[in-house]
> 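I'd like to ask some things about the structure below.
All heavy atoms count here, side chains included; hydrogens, waters and symmetry mates do not. Just so it is clear: chains get the letters A, B, ... in the order the sequence lines come, proteins before strands, and each one is counted from 1.
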Amino acid sequence: MDIKQEFLRVKRRLFDRVYGERLNPEQCRAVFTTEGPLLVLAGAGSGKTTVLVNRISYIIKYGDAYFDDTLPDGVDENTVEALKLALDMPVSEIEEILPRFISRPCPPWAVLAITFTNKAAKEIRDRLNSAFGDGELAESIWAGTFHSVCLRILRKHCERIGYKQGFTIYDTDDTKRLLLQCMKELMIDEKRLNPKVVQGEISRAKDSLIYPDGYEITRDPRSKDIKAVYGLYAKKLRENNAMDFDDIIMHTVSLLENEADVREYYQNKFRYVLVDEYQDTNYAQFVLTKLIADGRRNIMVVGDDDQSIYRFRGATVENILNFDKTYPDATVVKLEQNYRSTTNILSAANAVIGNNMKRHRKKLWSASGDGEKITVKEASDQNDEGRYIVERIVGSVYREGRKYSDFAVLYRVNALGRSIQTAFTKSGVPYKVIGDMGFYDHKEVKDMVAYLSVLANLDDNLRLKRIINEPKRKIGTATIEAVEQLAVMNGLSMYSVMERAGEFPLLAKSAERLTAFVRLMESVRERAKLPSELIEEVFVSTGYRDMLLEEDPVVGEGRRENVEELISAAREYEDKMREGGEEPTLLGFLEEVYLVSDVDKYDENADAVVLMTVHAAKGLEFPVVFIAGMEEGIFPSDKDGESEDALSEERRLAYVAITRAKEKLYISYARQRMMYGRTILGRPSRFAKDEIPKELLSVDIPRTVPPRMSAYGHPAASARSTVAPEFSREMRRAPSVTGMKETRTRTAASFGVEKLAPGTRVKHGIFGEGEIISSRDMGGDVLYEVGFDSGSVKKLMATYAKLEKI
DNA sequence: AGCTAAAATGTTTTT
DNA sequence: CATTTTAGCT
């Protein structure tokens with residue numbers, strides 16, 4: 001008997017048993033193939049994260065053991081016999097034995113996992129944490145977004161590329177301000193050249209690693225100006241010791257390209273590189289991962305070309321489509337079994353995406369049953385749509401015992417979220433909106449952050465200008481301009497000019513006020529160290545708080561609360577760092593502010609319906625999903641032209657939206673919609689109307705009388721025409737059982753709601769206790785007017801509000 | 001300098 | 001429509 005062959009055979013069978021218990025054969029292959037380039041085409045819901053986590057923990061525990069075909073020292077016949085016995089043992093025992101025969105585990109710090117969101121990175125760390133029961137181990141893995149990983153590298157080596165420690169990150173808003181400044185300086189009329197175009201062009205250039213010098217002047221006369229702006233903008237960023245989002249990637253690439261020792265250090269350090277959501281990487285990110293992984297060539301990328309939805313941000317699907325050309329020796333694994341959705345939902349998704357050309361052919365399948373049909377709802381307008389969604393959710397919570405957190409409402413554009421929010425607010429159903437205006441967008445929060453930025457980076461002229469006269473310190477535009485000019489002339493930062501204001505005759509009149517500001521900043525710095533203390537100190541000693549309280553007491557109070565929230569966010573950050581055994585720093589906190597998005601903070605445990613864009617929903621899943629605003633022109637959007645590429649991207653977006661649903665999917669559209677102050681007529685989206693097979697759909701009967709005019713301007717046969725004319729006659733006769741029943745039985749009585757008389761004391765989940773002022777029957781429901789003890793009076797629908805008699 | 005009131009302007013999607 | 005920018009006034 002050949003001991004070596006026998007050992008290898010038994011070893012693999014043992015691994016197959018351990019991992020086969022929780023993974024399918026393809027997933028196992030993705031886990032075990034650690035050496036060399038690996039492309040994992042992971043369809044929606046195919047257990048991608050599970051594979052990533054298992055692969056990392058496999059690597060840390062066993063290195064490349066599965067495909068390692070050497071015989072470890074000390075393995076003899078007895079060992080092989082012992083291992084054979086282990087084959088029949090429970091998996092947990094095999095897992096205990098296995099490491100003893102494995103010679104090459106991999107230290108966790110040698111693993112780099114790049115994810116798309118901080119949330120995904122955190123999930124990986126958490127799951128590794130519970131797998132190993134060792135927080136430190138999970139922490140020493142580098143897991144994060146492209147931006148956070150790059151930032152970590154840049155903080156260490158930024159001097160090499162001409163940046164000072166403590167450099168600032170500029171968000172889109174800062175970028176815009178700075179660009180406008182550049183254009184003004186170059187005397188480029190923003191009427192003639194839209195700053196947004198410039199911003200987009202520069203961003204795309206950076207995504208493609210094109211520097212100002214290399215920016216090509218084309219026949220387009222604007223390109224000359226854009227190049228000039230780009231050059232000045234880049235110069236100003238450096239002067240301010242600041243980077244925009246794109247710089248974070250671009251500068252890391254140039255660091256690694258130009259500094260051989262740094263490059264080699266990381267190439268050596270990272271034995272295994274894993275990249276999630278590879279279909280959404282841009283050229284710069286492609287180069288970056290290639291650079292880092294070129295040392296060991298152990299690069300694994302996971303993605304789904306059908307879910308590439310960030311073209312507008314420079315993502316190129318080609319990265320994933322051509323992976324096997326970049327790495328000809330790449331192993332390709334396809335994950336096509338979906339563990340998330342019912343067959344009906346998957347069939348719809350497959351049908352829609354099937355209309356796209358240019359993709360890796362694959363077909364998702366699911367072992368779960370057909371499930372419910374997809375419900376399509378034609379609403380008369382956006383309010384009707386909102387009410388419908390709320391009503392369905394409430395009904396489902398009552399009848400099926402679902403939790404609010406089981407539901408998600410997705411839409412193409414944030415603007416659509418407003419009308420839906422209104423419906424939720426009226427009903428009292430708890431909900432959470434992800435994205436749109438985050439609280440970091442509030443002026444007072446931005447101001448506080450600007451103060452912190454200046455404290456961390458005195459070269460940051462942009463942010464300095466933001467706060468120099470906020471609150472008012474009698475430093476006017478004339479003075480600021482003078483300081484700015486002196487700074488340019490003397491090669492100094494504005495801050496240092498202000499520090500020495502007395503030396504400049506030009507500033508004679510304002511010198512006292514300028515140095516007072518500098519003294520103020522210095523005193524803040526002396527008195528506080530931690531981010532939370534710094535904010536508190538800034539808030540009080542700059543007089544910002546008093547300013548807020550002096551203005552509108554209601555508005556001011558809200559703003560003060562926002563600042564308080566920022567302070568507690570800082571405290572949270574500090575606690576988190578201390579827990580991880582790290583030192584909380586101002587820079588660290590600022591990074592968090594800029595890089596941690598709203599979705600990252602989404603908490604699936606809070607019992608609330610979640611509202612967000614389809615983009616934000618990527619990577620998430622929900623038992624019940626509503627896709628709202630499924631209208632031509634909105635979804636698919638016509639904002640980016642009607643080109644095939646644009647439409648394909650919209651279709652992928654629809655695919656992402658559909659595949660978020662596990663059990664039940666609703667699609668709704670409004671016949672007319674108020675947007676930007678005018679009413680527009682809508683037609684159902686082709687994705688719903690033409691591309692999803694009819695047999696998967698059930699069309700819902702409108703709950704309200706449709707408006708006199710149909711979408712096409714024909715008089716609708718109002719009362720009788722209860723079904724969208726766009727859907728086939730045959731379907732009208734046979735609406736799904738659920739569709740019929742739910743609509744018909746939706747009365748107050750069926751929800752077990754009794755009509756409460758005025759004067760009754762009631763309790764509400766959110767508003768607290770109060771007294772019923774009036775009650776009125778409304779379409780099988782009861783509308784109450786309730787005066788709450790807090791002093792507010794609300795109008796509430798009985799079925800929605802869940803009032804409790806007390 | 002700083003306020004108010006009128007006018008303009010814009011809304012994909014995001015790290 | 002809603003917010004932001006600007007002009008004009010004090």
Side-chain angles (χ1 to χ4, degrees), chain A residues 114-121 144-151 169-177 180 190-191 194-196 199-200 203 206-207 243-250 277 280-282 284-285 307-315 382 410-419 422 434-438 440-441 443 469-480 509-510 513 547 551 591-600 612-619 629 633-641 646 649-650 652-654 656-657 673-680:
Chain A
I114 301 174
T115 56
F116 198 72
T117 59
N118 289 295
K119 188 171 187 288
T145 62
F146 271 101
H147 294 267
S148 64
V149 166
C150 285
L151 219 41
I169 300 157
Y170 280 176
D171 65 14
T172 329
D173 202 58
D174 303 316
T175 298
K176 206 176 119 203
R177 281 161 187 265
L180 279 161
E190 55 185 88
K191 293 266 156 31
N194 186 336
K196 276 199 136 170
Q199 193 172 7
S203 177
K206 290 186 175 182
D207 288 342
M243 291 187 196
D244 64 21
F245 285 135
D246 304 309
D247 284 336
I248 295 173
I249 313 291
M250 190 172 73
E277 307 279 13
D280 282 320
T281 52
N282 58 38
Q285 293 166 332
Q307 292 187 65
S308 169
I309 55 173
Y310 283 96
R311 199 177 65 118
F312 71 93
R313 201 168 82 182
Q382 75 276 17
L410 310 183
Y411 33 80
R412 178 64 238 271
V413 291
N414 275 312
L416 285 187
R418 314 279 177 162
S419 58
T422 320
I434 306 283
D436 210 12
M437 259 276 275
Y440 290 116
D441 296 323
K443 186 186 177 301
N469 201 29
E470 193 73 42
K472 305 278 175 277
R473 299 186 179 87
K474 298 222 186 311
I475 301 176
T477 39
T479 312
I480 295 173
K509 264 183 277 176
S510 47
R513 274 163 282 169
M547 175 188 81
E551 64 181 44
E591 248 154 62
E592 195 127 310
V593 170
Y594 286 109
L595 260 33
V596 175
S597 71
D598 223 10
V599 213
D600 293 329
M612 64 184 132
T613 62
V614 181
H615 281 91
K618 189 168 76 154
I634 293 178
F635 200 175
S637 164
D638 55 11
K639 291 281 186 293
D640 193 28
E649 175 116 335
E650 293 294 318
R652 288 193 291 269
L653 207 45
V656 169
R673 186 180 292 281
M674 267 266 260
M675 264 184 131
Y676 327 134
R678 54 180 67 249
T679 302
I680 49 163

> If you look at every heavy atom in A:Asp280 and A:Gln307, which pair is closest and at what distance?
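In this case the closest contact between A:Asp280 and A:Gln307 is OD2-O, 3.6 Å.
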> Is the centre of the A:Tyr310 ring less than 6.0 Å from the centre of the A:Phe116 ring?
yes
> Tell me if a side-chain donor or acceptor on A:Arg513 pairs with a main-chain N or O of A:Lys509 at a distance below 3.5 Å.
yes
> How long is the straight-line distance from OH of A:Tyr594 back to CG of A:Asp174, given to the nearest 0.5 Å?
5.5 Å
> Indicate, with a heavy-atom threshold strictly under 4.0 Å, whether A:Thr477 touches base, sugar-phosphate, or nothing.
sugar-phosphate
> Whole angstroms only, please: what is the NZ-C1' distance between A:Lys176 and C:dT5?
10 Å
> Using a cut-off of 4.0 Å on non-hydrogen atoms, how would the nucleic acid contact of A:Thr115 be classed: base, sugar-phosphate, or nothing?
nothing
> Give a yes or no answer on whether the side chain of A:Glu591 reaches the backbone of A:Ser148 with a donor-acceptor pair at less than 3.5 Å.
no
> Distance check, P atoms only: B:dT11 and C:dT6, in whole angstrom units.
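Roughly 15 Å separates the two P atoms.
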> Specify the residue among A:Phe116 and A:Asn469 whose closest nucleotide of DNA chain B lies further upstream toward the 5′ end.
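Mapping each residue to its closest nucleotide by heavy atoms, the 5'-most match is A:Asn469.
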> Walk me through whether A:Glu470 and A:Lys472 qualify under salt bridge (Lys or Arg N to Asp or Glu O under 4.0 Å).
CA-CA 5 Å; A:Glu470 193 73 42; A:Lys472 305 278 175 277; 3.8 Å; yes
> Please classify the nucleic acid contact of A:Asp171 as base, sugar-phosphate, or nothing, using heavy-atom distances under 4.0 Å.
nothing
> Would you please classify the geometry between the A:His615 ring and the A:Phe312 ring as parallel, tilted or perpendicular, with 30° and 60° separating the classes?
perpendicular
> Mind checking which nucleotides bracket the chain A contacts on DNA chain B, 5' to 3', with an atom under 4.0 Å from a heavy atom?
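Reading along DNA chain B, I get B:dA1 to B:dT15.
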> I need the NZ-P distance between A:Lys443 and C:dT5, as an integer number of Å.
12 Å
> Using a 4.0 Å heavy-atom cut-off across all strands, classify A:Asn118 as base, sugar-phosphate, or nothing.
nothing
> Using heavy atoms to find the nearest nucleotide of DNA chain B for A:Ile475 and A:Ser637 separately, return the residue whose nucleotide is more 5′.
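Its nearest nucleotide being more 5', the pick is A:Ile475.
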> Taking the same atom, P, in C:dT4 and in B:dT13, what whole-Å distance lies between them?
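Between the two P atoms, the distance is 15 Å.
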> How far does CD of A:Glu277 sit from OG1 of A:Thr115, to the nearest 0.5 angstrom?
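Here the rounded value is 9.0 Å.
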> Taking the side chain as C-beta and beyond, is there a heavy-atom pair between A:Arg412 and A:Thr613 under 4.5 Å?
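Contact flag for A:Arg412/A:Thr613 side chains = no.
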> Applying a 3.5 angstrom cut-off to the pairing atoms, does DNA chain B sit in any stems of at least three consecutive Watson-Crick or G-U pairs? List them by first number.
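As far as DNA chain B goes, consecutive pairing (with distances under 3.5 Å) yields the stems B:1-10 with C:1-10.
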> Students often get this wrong, so: under 4.0 angstrom with heavy atoms, is A:Tyr594 touching a base, only sugar-phosphate, or nothing?
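Nothing, no heavy atom under 4.0 Å.
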